[in-house]
Amino acid sequence: MYLFTLLGNLLIMATIWRERSLHTPMYLFLCALSISEILFTVAITPRMLVDMLSTHHSISFMACANQMFFSFTFGFTHSFLLMIMGYDRYVAICHPLHYNVLMSTRDCARLVSWAWAGGSVMGMMLTLIVFHLTFCGSNEIHHFFCHVLSLLKLACGRGMSSVTLSVILVCVTALMGCLFLIVISYVFIVAAILKIPSAEGRHKTFSTCVSHLTIVIVHYGFASMIYLKPKGPHSMDSNTLMATTYTVFTPFLSPIIFSLRNKELKNAIKRSFRRTFCPSSS
C-alpha cells in the first residue's frame with residue numbers, strides 16, 4: 001500500500017508533466033496535491049513500518065517533533081490545496097470568460113506557494129506549542145506515530161486543558177474554514193450547473209468536479225472523526241484507528257479516485273503508457 005501510494009502519485013505527476021493537454025491550472029493543483037501526499041506519506045509511513053517489524057519501539061524527542069511538524073505541515077497544505085482546487089472549479093464553471101485572467105500561471109503559482117507557506121506556518125506554530133509543554137509520568141505514546149492528541153495526554157502542569165483546547169480549536173478552525181469555503185464554492189457551482197439547459201451539458205460540467213468532491217469527502221470525513229469525535233470509554237483505541245486510517249488510506253485512495261473518476265487524466269495515463277511501452281502502435 002505504501003509503494004502504491006508513492007507510485008500512484010508519481011504516475012499522476014509524471015503524466016501531467018508529459019502531457020501538454022494537462023498543462024492547466026486544475027492539473028497544476030493536482031500535481032501539487034500529489035507532492036503533498038507523497039511527502040506526508042514519507043514523513044509517517046516508513047517509521048510506522050520500521051516499528052511494526054522491530055521489537056524496539058522508541059523515538060527521540062527531536063525525531064518526534066520533526067514527525068509532528070511534517071505531518072501538520074503536509075496535512076494542512078493538503079487542506080489548503082483542496083480549497084484552492086474548489087476555487088479553481090468555481091472560476092472555471094461560474095466565470096469561464098475570466099478564467100484565463102483569474103487563473104493565470106503566475107496566480108496559480110502564487111496560490112500554491114501560499115498553500116505551502118500556510119501549511120508550514122501551521123505546522124511550526126502547533127509543534128512549538130505542543131513541545132513547549134511539560135511532559136511527566138509515562139513517556140509511552142499510545143499511537144503509531146507522534147500524534148498531537150496522544151502527546152497532549154502525556155503533558156502535565158497548569159493550563160494543560162486550555163492548551164489542549166487551543167490546539168484542537170486551531171486545527172478544527174483551519175479545517176472547517178477550508179471546508180466552508182469549498183462548500184460555498186460548490187453552492188455557486190451547483191447553481192451555475194442547474195442553469196445549463198441540456199442534461200448532457202450539466203453532466204459533462206459536473207463530471208469535472210466529481211474527483212475533487214470525492215477527495216474532499218474522504219479527507220474531511222476522516223479528519224472530522226479524529227478531531228470532532230466525542231470522548232468515550234475506548235476513545236484512545238478508536239482515535240488511533242481513525243488516525244491510522246486517515247494517514248494511510250487518504251493518500252492511498254487519492255490517485256485511485258483521480259485516475260478512475262477523471263476521464264481526461266485516465267486517457268492521458270493510457271496514452272503515456274502506450275507511448276512508453278508500445279511506441280510502434282501510437
Side-chain angles (χ1 to χ4, degrees), residues 12-13 15-16 19-34 36-37 76-116 118-119 172-225 228 250 253-271:
I12 289 175
M13 292 168 57
T15 303
I16 293 172
E19 294 289 330
R20 283 190 166 274
S21 61
L22 302 183
H23 292 180
T24 62
M26 180 175 73
Y27 292 105
L28 169 65
F29 299 140
L30 177 55
C31 191
L33 191 72
S34 292
S36 73
E37 289 180 338
F76 279 111
T77 300
H78 191 277
S79 296
F80 296 150
L81 287 171
L82 287 176
M83 178 184 66
I84 292 170
M85 292 173 77
Y87 173 70
D88 171 74
R89 292 297 83 209
Y90 160 75
V91 175
I93 294 172
C94 299
H95 303 284
L97 298 179
H98 299 93
Y99 184 76
N100 290 332
V101 176
L102 295 174
M103 303 302 292
S104 65
T105 303
R106 179 179 296 179
D107 290 330
C108 292
R110 188 180 295 118
L111 288 171
V112 171
S113 299
W114 277 110
W116 281 98
V172 170
T173 301
L175 290 172
M176 291 300 104
C178 292
L179 180 60
F180 175 75
L181 293 175
I182 292 172
V183 170
I184 292 297
S185 297
Y186 274 100
V187 168
F188 287 106
I189 288 171
V190 171
I193 290 175
L194 292 176
K195 294 178 182 178
I196 299 175
S198 67
E200 183 182 354
R202 289 194 296 268
H203 179 268
K204 185 178 180 180
T205 303
F206 186 72
S207 65
T208 63
C209 305
V210 171
S211 55
H212 172 255
L213 196 56
T214 305
I215 292 296
V216 168
I217 293 171
V218 171
H219 176 74
Y220 283 97
F222 284 127
S224 62
M225 284 186 238
L228 302 179
T250 301
L253 291 174
S254 292
I256 297 176
I257 292 170
F258 276 110
S259 58
L260 293 180
R261 301 298 301 178
N262 189 306
K263 188 176 180 180
E264 188 178 13
L265 179 61
K266 182 166 60 175
N267 291 335
I269 291 174
K270 290 179 181 178
R271 288 196 303 270

Self-check item: Separation between CD1 of Ile215 and CD1 of Ile257, rounded to the nearest 0.5 Å
Solution: 3.5 Å
Exercise. Measure the OG-CE distance between Ser211 and Met85 for me, rounded to the nearest 0.5 Å.
Key: 6.5 Å
Self-check item: With sequence neighbours excluded, residues passing side chain to side chain contact (heavy atoms under 4.5 Å, CB included) with Thr24
Solution: Met26, Tyr27
Self-check item: Closest contact, heavy atoms only, Val112 versus Ile84
Solution: N-CD1, 4.5 Å
Please tabulate, for side-chain N and O atoms in residues 179-201, each donor-acceptor pair with protein atoms closer than 3.5 Å (sequence neighbours left out).
residue, atom, partner, partner atom, Å
Ser185, OG, Leu181, O, 2.9
Tyr186, OH, Cys209, O, 3.4
Tyr186, OH, His212, ND1, 2.7
Ser198, OG, Gly201, N, 3.0

Quiz item: In Å and rounded to the nearest 0.5 Å, what is the CD to NE2 distance from Glu37 to His219?
Solution: 9.5 Å
Quiz prompt | Atom pair CE/SG of Met176 and Cys178 - distance to nearest 0.5 Å | solution = 9.0 Å
Exercise. To the nearest 0.5 angstrom, please state how far the OG atom of Ser79 sits from the OH atom of Tyr220.
Key: 4.0 Å
Practice problem: Kindly give the heavy-atom pair with the smallest separation between Leu81 and Ala115, and that separation in Å. | Solution: CD2-CB, 3.8 Å
Quiz item: Got a sec, which residues hit side-chain hydrogen bond (donor to acceptor under 3.5 Å, both in side chains) with His23, two or more places apart in sequence or on another chain?
Solution: none
Quiz prompt | Value rounded to 0.5 Å, distance of SG in Cys108 from CG in Leu28 | solution = 5.5 Å
Exercise. Kindly say whether Leu30 contributes a backbone atom to a donor-acceptor pair with the side chain of Ser34 at under 3.5 angstrom?
Key: yes
Quiz item: Distance-only, no hydrogens or angles: does the Thr205 side chain make a donor-acceptor pair with backbone N or O of Arg202 under 3.5 Å?
Solution: no
Quiz item: Got a sec, which residues hit side-chain hydrogen bond (donor to acceptor under 3.5 Å, both in side chains) with Thr77, two or more places apart in sequence or on another chain?
Solution: none
Self-check item: Contacts of type side chain to side chain contact (heavy atoms under 4.5 Å, CB included), residue Ser21, not counting sequence neighbours
Solution: Glu19, Arg271
Name each donor-acceptor pair under 3.5 Å that joins a side chain in residues 98-105 to protein atoms two or more places apart or in another chain, with its distance.
residue, atom, partner, partner atom, Å
Tyr99, OH, Asp88, OD1, 2.5
Ser104, OG, Asp107, N, 3.3
Ser104, OG, Asp107, OD2, 3.0

